[in-house]
Amino acid sequence: MNYSRPILRLAPILLFIVTIFCFNQTSVAQDGKVLFTSNCGGCHAVNKKLNGPALKDFNTRGKWADRKELYSWIHNPVAYMAKDPYTTGLKAEYGVMMQAFPTLSDKEIDAIAEYLIKASAAPAPGAATGEVTQDAKGQQDDNTLLFGILTLILAVIALILLQVNSNLKKLSDDAEGVPSVEPVPFYRNKAYIYIITLIIFVIGGYYTIQGAIGLGRTKNYQPIQPIYYSHKVHAGKNQISCLYCHGGAMEGKHANIPSVNVCMNCHVAINEYGSNSPKLYTEDGTEVNGTAEIKKLYDYAGWDGTKYVNEGKPVEWVRIHNLPDHVYFNHS
């Protein structure tokens with residue numbers, strides 16, 4: 001017993017160390033994903049090309065199986081490219097130079113690399129997964145409709161049974177010679193009056209509250225903007241990180257509208273709206289020419305397609321969202 005006491009004393013410490021280690025491993029994995037999304041997600045995805053190559057199995061290309069080479073490339077792409085033909089070929093293929101990230105530490109780069117390696121090993125979501133999701137969604141919608149119909153049928157049956165019960169009671173009273181009581185008119189029946197008053201109060205209160213909540217709101221307000229912009233294309237199809245454009249979202253109250261320079265980081269190379277991209281439509285159903293909208297961006301940026309010809313000017317976006325005074329929301 002005396003020998004076991006020191007072990008029992010050490011058990012909580014060992015448990016604490018194991019717990020910290022496990023949480024630390026999870027934290028590193030999560031940090032890798034966050035770091036990738038906030039720093040690399042604007043130009044790269046794991047399984048498809050964006051403004052840069054897909055990063056699946058990146059460690060099998062070039063010299064990047066050696067982490068020191070990877071550190072050098074990410075910290076200073078210009079210097080690395082001068083001595084490496086593979087990265088020179090990437091610039092020739094994609095037409096843009098990778099941005100330098102000198103502030104990323106070696107540990108942060110390791111976290112991103114580990115995340116990419118794990119993401120590369122995971123099966124990519126395919127069409128079959130999407131079909132299953134759609135089937136499940138359709139089945140859920142069908143069940144909702146079925147439950148609604150069954151509820152309506154049960155309500156009708158309940159009303160019929162109440163009426164039948166009333167008629168049977170009246171027949172029983174007549175057969176036994178029990179004098180029947182004249183029914184109270186509907187408009188004088190206190191129970192009915194109470195129920196109707198309560199229903200009117202609840203419905204009126206509901207719509208009054210909804211109307212009060214909606215004061216000053218602009219739901220479905222979609223004004224015509226100087227440039228047609230689609231979040232479904234940028235953040236959806238191309239999977240550009242929200243933080244790439246809205247850099248202040250994690251640090252301040254406001255997400256901030258990106259400057260024209262942020263847009264041009266990608267659109268210097270992307271000057272046409274791809275034919276494989278989803279078609280764009282305005283609120284009234286008019287199809288939008290995506291390439292023409294990119295040309296509008298060039299006019300604001302002062303870019304003629306090959307070089308900047310003037311200083312440009314900011315895009316005068318029309319404000320859409322305005323939080324009520326009683327609402328406080330902080331992006332960070």
Side-chain angles (χ1 to χ4, degrees), residues 30-56 94 96 98-99 101 112 115-116 119-120 122 124-127 129-130 133-134 137 218-283 287-298 300-301 314-315 317-323 329-332:
Q30 291 174 345
D31 289 345
K33 183 175 181 179
V34 172
L35 288 168
F36 171 80
T37 302
S38 58
N39 293 283
C40 317
C43 297
H44 296 282
V46 178
N47 293 302
K48 66 178 181 179
K49 296 180 180 180
L50 297 179
N51 300 323
L55 296 184
K56 180 178 181 180
Y94 291 92
V96 290
M98 185 178 120
Q99 179 184 348
F101 294 92
I112 296 173
Y115 162 72
L116 289 172
S120 300
T129 305
T133 304
Q134 293 298 326
K137 183 178 179 181
T218 52
K219 186 177 180 181
N220 297 325
Y221 172 58
Q222 297 185 21
I224 298 175
Q225 299 286 1
I227 302 174
Y228 184 90
Y229 178 85
S230 172
H231 278 93
K232 291 182 179 179
V233 173
H234 291 78
K237 181 180 183 298
N238 294 322
Q239 297 182 354
I240 298 175
S241 168
C242 301
L243 297 175
Y244 183 78
C245 300
H246 303 285
M250 288 186 68
E251 300 172 357
K253 177 180 177 181
H254 301 289
N256 299 334
I257 297 175
S259 66
V260 176
N261 290 337
V262 174
C263 304
M264 291 301 294
N265 285 341
C266 298
H267 280 289
V268 165
I270 303 173
N271 51 24
E272 293 183 354
Y273 189 73
S275 57
N276 61 339
S277 298
K279 292 185 177 181
L280 305 174
Y281 297 94
T282 60
E283 184 66 15
E287 185 172 353
V288 177
N289 185 335
T291 301
E293 299 302 311
I294 295 175
K295 300 300 181 187
K296 293 180 183 179
L297 173 64
Y298 285 178
Y300 280 99
V315 181
W317 299 105
V318 180
R319 187 185 182 97
I320 298 177
H321 300 291
N322 187 21
L323 289 177
F329 178 78
N330 192 317
H331 273 86
S332 62

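Counting from 1, the numbers follow the sequence of the chain as shown.
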So for atom NZ, which belongs to K48, do other residues, nucleotides or ligands contribute more than 12 heavy atoms lying within a distance under 6.0 Å? yes
Is there a side-chain contact between K237 and P278 in this structure, where contact means two heavy atoms from C-beta onward sitting under 4.5 Å apart? yes
How about P314 and Y300: do any of their side-chain heavy atoms sit closer than 4.5 Å? no
Ring center gap for F36 and H44 short of 6.0 angstrom: no
Sub-4.5 Å side-chain heavy-atom contact between I294 and E272: no
What's the separation between atom SG in C40 and atom CG in L55, rounded to the nearest 0.5 Å? 7.0 Å
Answer whether the closest heavy-atom distance between the side chains of L297 and V260 falls below 4.5 Å. yes
Taking every non-hydrogen atom, the tightest pair across M264 and V268: O-CG2, 2.9 Å
Report yes if some heavy atom in the side chain of N256 is under 4.5 Å from a heavy atom in the side chain of H246; otherwise report no. no
Within this structure, what is the OG-CG distance for the pair S259 and N265, rounded to the nearest 0.5 Å? 8.0 Å
Closest approach of Y273 and V233, non-hydrogen atoms and distance? OH-CG2, 3.4 Å
Any chance you could lay out the side chain to side chain contact (heavy atoms under 4.5 Å, CB included) test for T282 and V288, step after step, and finish with the verdict? CA-CA 7 Å; T282 60; V288 177; 3.5 Å; yes
Just verifying a value: how many Å separate I112 CD1 and K33 NZ, rounded to the nearest 0.5 Å? 14.0 Å
Taking the side chain as every heavy atom from C-beta outward, state whether V262 and Y244 have any pair of such atoms under 4.5 Å apart. yes
So how far is it from F101 CZ to N39 CG, rounded to the nearest 0.5 Å? 5.5 Å
Work out which heavy atom in C245 is nearest to a heavy atom in P258; give both atom names and the distance. O-CB, 3.3 Å
Measuring from atom CD1 of I240 to atom SG of C266, what distance do you get when rounded to the nearest 0.5 angstrom? 5.0 Å
Any donor-acceptor N/O pair, H331 side chain to K253 backbone, under 3.5 Å: yes
Report yes or no: does Y228 contribute a side-chain atom to a donor-acceptor pair with the main-chain N or O of Y281 at less than 3.5 Å? yes
What distance separates Y229 OH from K296 NZ, expressed to the nearest 0.5 Å? 16.0 Å
